[in-house]
Amino acid sequence: MSRIVLRNLVKSYPGGDRRATDEISLEVADGEFVVLVGPSGCGKTTLLRMVAGLETPDSGSVHIGDTDVTSLSARDRRVSMVFQSYAIFPHMKVRQNIGFGLMMRKVPRPEIDRRVADAAAMLDLSDYLDRFPSQLSGGQRQRVAVARAIVVDAGVLLMDEPLSNLDALLRLQFRAELKRIVHQIGTTTLYVTHDQAEAMSLGDRVAVMRDGRVAQIGGPLEVYDSPADRFVGSFLGAPPMNFFPALVSDGPALSVGALSIPAPSSLARFAGRTVLVGVRAEKLAVSTDAADGFLPATVEVVEPTGASVLLTVRLGDHELKVQAPPTFDTRPEASVWLRADPSTMRFYDPETSLALTV
Amino acid sequence: MLEAGPIEYTLQGFVAMKTARRPLLLIAPSLVFLTALFAWPLIFGIGQAFTGTGGPTAAHFQRMLDDPYFWPAARNTALLIVVLIPLQFAFALTMALLLRERPRFSGFYFYLWVVPLAISDLAAGLVWLAVFTDRGYLNSVLSSLGFDGYSFLSHENPASMFIAVVIAELWRATSLVLVIIVAGLQGIPKDYDEAAEVFGASYWQRLRHVILPQLRPSLQVALILRTILALETFAVAQALTGRNMPLLVGETYQWYDFLQNPSVAAAIALMILTVSLLAAAGYLRLMRDQTGSPR
Amino acid sequence: MRRFALQVFCVAISLFMAAPIYLITLAAFSSRESLNEFPLPLVPTDPSTETLSGFLSSTGVIAGGVNSLMVGLNTVVLALLIGLPAGYAVARYAFRGRQPYQLFLLLTRALPIVVLSVPLARIFLTTGLYDTTYAVTLLHTALALPTTVLITAAVFVAVSPEQEEAAQIFGASPVQAFVRIVMPQALPGIAAAAVFTFVMSWNEVLGAAILTLNQRTLPAQVLSTLSFSPLAYRFAGGFALVVPALLFIAIMRKYLLNMWGTTLK
Ligand SMILES: Nc1ncnc2c1ncn2[C@@H]1O[C@H](COP(=O)(O)OP(=O)(O)OP(=O)(O)O)[C@@H](O)[C@H]1O
Ligand SMILES: [Mg+2]
C-alpha cells in the first residue's frame, strides 16, 4: 500500500530568489505511474529529491503509504531511485551494483544471488554481471541503474530522467522496455523527464510543471487534448498546439479576420468577446481546393517527416503548424484551405491563458 | 489542508540545522589545530622577539643587525633567489618542452627528473658535497684530465662556493617547477597550438604567442611558491660550506642552537616571515586576479 | 634529425640529474680507505659496506631513523585524521566560510617553518612536549595539513555526490555510504596524500632540529653532527636520506601531476 501523498511542498535553495517548488500538492495512487514533465529548472528534480528524502522541504509534508515520512532520512523511506547520471558505483562489478540495496538490507546471500540474476535477465544484463561499469556501454550502464532500482522491493520507485543520456534510437527501445518492466512489477512510480513524448508514452497520468508548480495533471490524452492553459498546450506535443485569437460572434461563430467559421454552441455565452483558439496540428483538415467553412492560408515551409508532411502556414497574421497526409502535394507560396472541427477546438482566456470551460 | 503541526516543524528545522552545521563540524578540528600551531606560536614569537628582561625592547633586533654574519646572510639569501630562480625557470621550461615533444622513454625521463622532488635540501647538500669537496669527484675528474684541483668550497673562493650552492639547488628544486609546468601544459588544449601551426607559426612563435601566455597562471604560482621556499633554503649551504656561506634561516638555527639565544632567532624569523608574507600577498593577489579574469 | 637532437638533450639532462645520485651511491659503498684516495675512482673498484655500517653504528643514527619513521607515520595518521573530514567538507558542502577557510589554508602554507619552530620550542618546553617525537609530529602535521586538506578535497570531488545519495537511498547510513562507496574510490588519492605527507616529514630538518635535543630525527641528527663528522659519515648520511626519495617518487609518479595540478588552483 504505497501511495504517495505530497502536501504543499515548498522548497527554496539558499541564494535562490524564487521557490524551486511552490506549494506542490500531488497524489500518486498505489501502483500508479505518474510522469513529471516540464521545462528545465521547473523543479522536477527538487520534487523527486524531496520524495526520496535527499532534500528537506521548507514546509509541507510527504506521506508514503500511511506514514508521514517528511522527517525520515532517505534510507528509512524504503524508496528506490534511478539517478539521472546513473550513479552506479564504478568500483563494484555489475553484480554487486545490482545487489547493493539487498546487501544493505541484509538479505541472505542465496536470495540476493537469485534476485540479482532475475533482474539481470529482465534487463538483458546476464552476460555482463562480472564486468565493471567502465567496461559497459552507456545503454548497459543505464540498465544496471534500473536493475539496481527494481531489484529491491521498495514501495516507491523514483526515476530522474533515466533515459536522458541515451541516443534517440536506444531511448525509444528502452522506453518500451521500461514500460513493460514497471508494469510487470507494479510499483508506484514517479518519473521525471523533460521529454514530452516520453511523458505521454509512459505515464498513467502526466503532471506538467512550470515554475515550481503543477500546471496540469491528468491522463496523457487528457492533457494532450485539453490543455489546462496555453503553456501546457505549447509544451506538450510536437509540434506544439496552435493558438490564435478570434472574436466570438452571434450564432455562435468565430471571426478570424474577415472570415467566419462555425463554433461549438456552448461558446454562445462568450459572444462579443475575443478568445484564444487552440487547435492541434493534426486536427486541422487541409485541402488544396476552396470549400465552404474553410479558411484560406499561405504555405510558408514544407517539411516532410515521412509519416506526414508538416506545413507552416500563414493565416492572416498568425503562423500555424499543420500536419498533412504524406501524399499532400504543395510547395511554399501555394494557397491551401484549412478547417477545424468545432469539437477539436479549445478556448482560452487571452488575458490569463487559462482554459475556458465551454 | 496543511496537517504539519508545530512538532513537525521543529523537527524539520532541527534536521536542516544539523546539515548546515555538519561542514563546520568537519573543518573544526583542522581549524583548531592550525590555529594552535600557527597563530599561537606566531604571536608568541612576536613576543619573544620584542621582549627583553626589562619589558619591551628592540635590543634583539639591534643584536641581530650588529652580528657580522647578518648582512652577508641577507645578501646571500637575496642573491641566491635572484640568481637561482630565473635559472630554475629556464631549466624547468626546457625540460617540460622537451617532454612535450614526447621523446622515446619520456616516462623514464620524467621519473628521473622529478626524483629530487622527494630529496631534502640537507641530502642534496651532502650529495653535492661528494662532488665539490676538495678531494671529491669533480677534482678527481679534473686531475685525471691533467688540471689542477680547485677548492670550490673554501671561503677564499666565494664565487665558486656560491655557484656550487646554486647548482645543488638547481638540481634539487627545479623538479617542483617542472611538475607545476607539466601539469599546466597538460591543461592547455592542443587545438590552439595546432591551429597556430596550421596558420604557419614557427615553433618559437607558437611558444611565444600561444604556449607561454596560456602557461602564465602556472608560472606565476610556481614563481611565488619557489620564492617562498627559496627563502627557507639553508641546509644545502650548511652541508656544502658550513657557515662559510651564511643564509638567513641558517643564522636562525645558529642563534638558536649554538648561541642559545631564541630571542634573536625569533627576530630573524620574523624578518623572514615579513618577506614571505609579502610574497604570499602577491600569491593571493594573483589567485584573485585569475579567478576574476575571464578565461 | 630532430628526434635525435631531442634525445641528446634529454640524455644530457638525465645525466645531470642522475650523476650525483650515482656518485653518492658510489661513495657510500666505498671503503673508508678508498675514499681517502685521490683521484677517486669513478667506477666501483672495491665495493664495501664499511662506510655505511660505520654510519649506521654511529650514535643516534639508528635511533634517529626510528624516530623519523615514527614521526613520519604519526604525522600521516594525524594529518589524515584531521585533514580528511575537512577535505570532505570542502568538497561536498557549499557552506559559509568556505572561501575564507581555503584562503586560510593557502596562507598557512606560506609561513616559513622557522617562524613556527622557535616559539614552538618555547611553548613545548613549558608544556613538557619539548624533545619528544610528539613535538615534531605536531609541527609536521601542521605543515602537512593544508596540503592534505586540498588534496583530499580534490579526491572527494572526483566521487559524485549522487553515488553517496544512491547508497543512502538503497539503505546505507551516511557512514556506511562513505566507507563503502566513497572510501574505496578515494583510496589511491588518499594514499598519495599520505606518501606526500610522509616525504615532507622525512625531509624536514630545521623544525625537527630545533624542537628536539636527544630525540632527533635522522636528518636532524645528521645536521647537528655535520660540522664535526668525517666525510665518509656525511656521504653515507646523504645516501641514506636519498634512498627513500627514489622509492617515494616511484610510488607517487602517477599522482604528481594531479596533485600539483589541483592543489594549486
Ligand atoms: N543545489 C541547488 N542550489 C541552488 N539552487 C538550486 C539547486 N538545485 C536546483 N536549484 C534551482 O532550483 C530550481 C529547480 O531546479 P530542479 O533541479 O528541480 O529543476 P529541474 O526541473 O529538475 O530541471 P532540469 O530539467 O534541468 O533537470 C532551478 O531554478 C535551479 O536553479
Ligand atoms: Mg533535473
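Only heavy atoms go into these numbers, but all of them, side chains included; no hydrogens, no water, no symmetry mates. All chains are named by letter (A, B, ...) in the order of the sequence lines, taking the proteins before the strands, and each is independently numbered beginning at 1.
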(request) Tell me, out of A:Arg77, A:Arg148, A:Arg78, who's got the most heavy-atom pairs with chain C below 4.5 Å. (result) A:Arg148
(message) Looking at C:Arg3, I want to see if its CZ is surrounded by more than 12 non-hydrogen atoms of other residues, nucleotides or ligands under 6.0 Å.
(response) yes
(request) For atom CD of A:Gln184, decide whether the heavy atoms of other residues, nucleotides or ligands shown that lie under 6.0 angstrom number more than 12. (result) yes
(message) Testing the basics here: between C:Gln163 and A:Phe89, what is the closest heavy-atom pair and its distance to 0.1 Å?
(response) O-CE2, 3.3 Å
(request) Decide yes or no for A:Met81 and C:Gln168: does some side-chain heavy atom of the first lie under 4.5 Å from some side-chain heavy atom of the second? (result) no
(message) Let's test your reading of the structure: which of C:Pro161, C:Ala177, C:Ser173 forms the most heavy-atom pairs below 4.5 Å with chain A?
(response) C:Ser173
(request) Tell me, for A:Ile88 versus chain C, whether the close heavy atoms (under 4.5 Å) come from the side chain, the backbone, both or neither. (result) backbone
(message) Does C:Tyr134 have more than 12 heavy atoms from other residues, nucleotides or ligands lying within 6.0 Å of its OH?
(response) no
(request) Using a cut-off of 6.0 Å, state whether more than 12 heavy atoms not belonging to A:Arg175 lie near its atom CZ. (result) yes
(message) I need the A:Tyr86 OH to C:Ser160 OG distance, nearest 0.5 Å.
(response) 12.5 Å
(message) Does any backbone or side-chain atom of C:Glu164 lie under 4.5 Å from a heavy atom of chain A? Answer side chain, backbone, both or neither.
(response) neither
(request) Step through the shown structure and confirm whether more than 12 heavy atoms of other residues, nucleotides or ligands are within 6.0 Å of CE on C:Met70. (result) no
(message) Can you give me the closest heavy-atom contact between A:Phe100 and C:Ala167, atom names plus distance?
(response) CE2-CA, 3.6 Å
(request) Take atom CZ of A:Arg180 as the centre, draw a 6.0 Å sphere, and report whether it contains more than 12 heavy atoms from other residues, nucleotides or ligands. (result) yes
(request) Test C:Ile169 against every option in A:Leu54, A:Val82, A:Val152 by the side-chain contact (heavy atoms from CB on, under 4.5 Å) rule and name the one that passes. (result) A:Leu54
(request) Identify the heavy atoms of A:His91 and C:Arg180 that sit nearest to each other, and give their distance. (result) NE2-O, 2.9 Å
(request) Report, as yes or no, whether the 6.0 Å neighbourhood of atom CZ on C:Phe9 holds more than 12 heavy atoms from other residues, nucleotides or ligands. (result) no
(request) Please report the shortest heavy-atom distance between C:Ala166 and A:Ala87, naming the atom on each side. (result) CB-O, 4.0 Å
(message) With rounding to the nearest 0.5 angstrom, report the CZ to CZ distance, A:Arg75 to C:Phe170.
(response) 14.0 Å
(message) Heavy-atom cut-off 4.5 Å, strictly under: side chain, backbone, both or neither for A:Arg49 against chain C?
(response) side chain
(request) Determine the minimum heavy-atom distance between C:Ile181 and A:Met92, stating which atoms define it. (result) CD1-CE, 3.6 Å
(request) Please determine, among A:Ala154, A:Ala145, A:Ser85, the option with the most heavy-atom pairs under 4.5 Å with chain C. (result) A:Ser85
